[in-house]
Novice: 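Quick one: the structure is below, and I'll ask about it shortly.
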Amino acid sequence: MSSDPDLTNFVGLSAVLTGYTTDQLFPPISPEPVAVEYLNTLKANVAATLVNQILTTFQNIAAQQPPNIDQEVQQQILDDPAMGPVARNIIRMWYLSIWYDLNQQQPITGFSAGTVVSMNAYTKGLAWDAAQAHPMGYSEMHYGYWATPPES
Amino acid sequence: MHLARKIICIIALCSFAAAAIAGCGGTQQTANSNAPPAPAPRLGAAPPPPGNLSSNLPHDADFSDNPSTLDQIQHDFDVFSWQSFVALNWPALADGSPDTSKIIGADGDNSTVWESYKESYEVFLPDGSTPLPWGQNQLPAACQGVAGSTAKVLRMTQKVSDEVLDELSQPFNTGPIVDQQNGKYARFEIRLNQDAFNFIVNNTLYNKQGQQAFTQFIQFPSGVAPTPTNPNTPVGAMLIKAAWKVIDPANGDIPGRYHTVQAYVYTQASDNPPTKESCQLVTMGLVGFHIAHKTQSAPQWVWSTFEQVDNVQPGAGLPPGAKLNFFNPACATCPVNVPPPKPWDPYQTLPPDKRSQIKRVIPIDDATKALNAQWQGWLKAVNPNSVWQYYELVSTQWPTQPSASLTGPNPTGSPAPPFLANTTLETYVQGKVPNVSSSCIMCHNNATTTNSKFSDFTYLLERAQSKGGGK
């Protein structure tokens with residue numbers, strides 16, 4: 001894991017939020033670690049105090065090694081009126097590679113205007129992996145993959 | 001659809017689909033290159049080669065330094081590339097195996113091991129028939145009557161006597177390159193080593209009917225590092241693509257800065273543009289060199305690419321005023337990285353303002369530059385006039401997640417660096433746009449057989465014809 005505590009906490013929180021492992025989100029050997037781009041995007045769009053609050057809250061949760069970390073993150077972060085919307089935006093960012101505008105009426109009922117984080121991130125949205133599909137214009141699958149049903 | 005897919009991925013480096021290399025199976029070069037390269041066996045008074053120069057072809061990269069970061073692993077793969085380059089260009093015996101009594105570049109230039117490998121046109125024959133056995137060559141009919149084509153004469157030159165350069169355009173038909181010295185088209189070739197050749201022949205993958213009958217998942221043999229208990233491991237399949245330019249001292253070429261050969265430059269007949277079949281014996285200089293090697297640590301293959309140092313900027317020691325191969329610094333208005341105007345007629349000698357004006361888009365990184373200086377220094381130490389000191393590694397692409405399934409998610413294994421191009425071979429697809437710019441693994445991941453099955457990262461199998469010459 002990174003020597004940057006912010007990145008470590010961000011990836012750890014992201015693993016809980018997305019259901020992927022920390023190694024999947026931030027491989028030990030990676031030429032283009034999208035996690036770094038996502039953390040930078042978060043910091044560029046959310047007040048530093050709020051970002052720090054989210055990461056510190058997660059760090060404290062993780063340090064206690066609770067038996068059900070998902071539940072703790074739900075209660076302490078997702079249910080929090082300030083941190084919750086940001087955490088949900090982090091989930092969207094990982095799955096869709098887009099940072100959505102947070103300055104919209106709450107509660108969020110749909111998708112607001114958003115920005116693709118980067119050319120690199122566009123190809124790495126978790127939604128494509130989860131659906132065993134690929135973004136438009138970019139596929140790493142072998143020719144003829146469409147003739148084979150996805151794995152269950 | 002198929003063509004569109006190839007164009008989209010246009011990639012590169014590797015676009016070779018193929019190529020070739022060498023001596024495998026443990027018959028020619030079986031020494032353990034994963035350990036620090038051992039000095040080549042010496043005969044008589046031959047001195048030991050400087051540094052890590054060795055005729056031993058590595059079977060896989062050496063990770064004995066326990067690399068833990070991307071940069072450290074990249075270094076190990078870059079060393080693997082230089083070991084491969086030196087071993088492949090080692091002086092060759094008549095049968096193509098390395099002459100361990102000699103040292104690379106001791107005579108300035110030398111015949112090479114890889115140039116004895118099978119060229120693609122010898123494997124995928126027009127009538128889909130079985131290729132001649134390893135070690136036997138066949139020339140295109142148009143070359144058989146050309147003066148100088150007797151083995152005796154060419155053997156006397158100590159050059160490769162059966163060199164045929166029949167490829168005119170770069171991969172995906174993105175366009176030829178035309179050199180700045182004489183306005184002539186560069187030429188290309190693709191060769192296969194014995195492990196790759198044997199796999200194709202043993203499985204009848206050299207024609208369409210054989211590919212149709214082959215129902216297994218195609219996987220070329222991997223190179224495996226020898227161990228004390230298992231010293232005879234396979235080299236693994238290797239494909240080599242080389243780019244050559246006409247060497248013309250009268251127009252400013254300095255032959256001593258190139259590996260040169262007397263080659264049959266063969267041009268196929270064509271209707272567009274109208275081109276007649278021809279074969280000429282020409283002195284050619286090596287300007288680009290790809291190596292693709294399937295290894296145990298890299299099921300997506302390891303992709304190494306080298307260039308002659310004067311391709312697009314002055315290399316060390318280039319005399320002031322000497323021309324570069326594919327860039328004219330005096331022409332500020334020449335369009336950069338743009339193919340020459342059509343029709344692409346290989347018989348044309350293009351005027352100076354139509355010649356290739358090529359720039360490298362992604363610079364060679366500092367660590368690779370430092371490694372290049374080290375290996376070039378060793379090559380120069382053999383002989384100050386060695387042509388091999390004038391080649392440089394651009395980079396090596398490898399899979400960072402090699403355990404990724406070739407049939408499941410992430411079949412490309414997240415290659416590093418993500419993009420890689422040789423200015424002579426992926427000239428017009430340099431850059432960093434996903435699925436468009438040159439990336440060996442990403443592009444070759446789309447390669448298929450003639451019946452649209454994954455072909456294990458080589459486009460060569462698409463060249464297979466029907467048995468008997470029918471459709």
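So that the names make sense, note that chain A is the first sequence line, chain B the second, and so on, each numbered from 1. Treat the numbers as computed from the prediction; the structure is a model and nothing was measured.
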Novice: Using non-hydrogen atoms and a 4.5 Å limit, figure out which bit of A:Glu32 sits close to chain B: side chain, backbone, both or neither.
Specialist: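 Only the side chain of A:Glu32 comes within 4.5 Å of chain B.
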
Novice: Flag the pair B:His293 / B:Phe80 as yes when their ring centroid distance falls below 6.0 Å, and as no otherwise.
Specialist: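 Yes, the ring centres sit under 6.0 Å apart.
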
Novice: In terms of heavy-atom proximity below 4.5 Å to chain A, should B:Pro434 be classed as side chain, backbone, both, or neither?
Specialist: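 B:Pro434 touches chain A through backbone and side-chain heavy atoms alike.
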
Novice: For residues B:Phe63 and B:Phe77, establish whether the separation of their ring centroids is below 6.0 Å.
Specialist: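 Aromatic pair counts; centres sit under 6.0 Å.
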
Novice: Quick one: what part of A:Ser139 sits under 4.5 Å from any heavy atom of chain B, side chain, backbone, both or neither?
Specialist: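 For A:Ser139, the contact with chain B is made by the backbone alone.
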
Novice: Is chain A contacted by the side chain of B:Lys432, its backbone, both, or neither, given a heavy-atom distance below 4.5 Å?
Specialist: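 Just the backbone, heavy atoms under 4.5 Å.
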
Novice: Are B:His444 and B:Phe457 an aromatic pair by the rule of ring centers under 6.0 Å?
Specialist: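 Centroid distance B:His444-B:Phe457: not below 6.0 Å, so no.
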
Novice: Give every residue pair that meets the ring-ring contact (aromatic ring centres under 6.0 Å, His included) criterion with at least one member in residues 33-89 of chain A, sequence neighbours excluded.
Specialist: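 Non-adjacent pairs meeting ring-ring contact (aromatic ring centres under 6.0 Å, His included): A:Tyr38-A:Trp94.
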
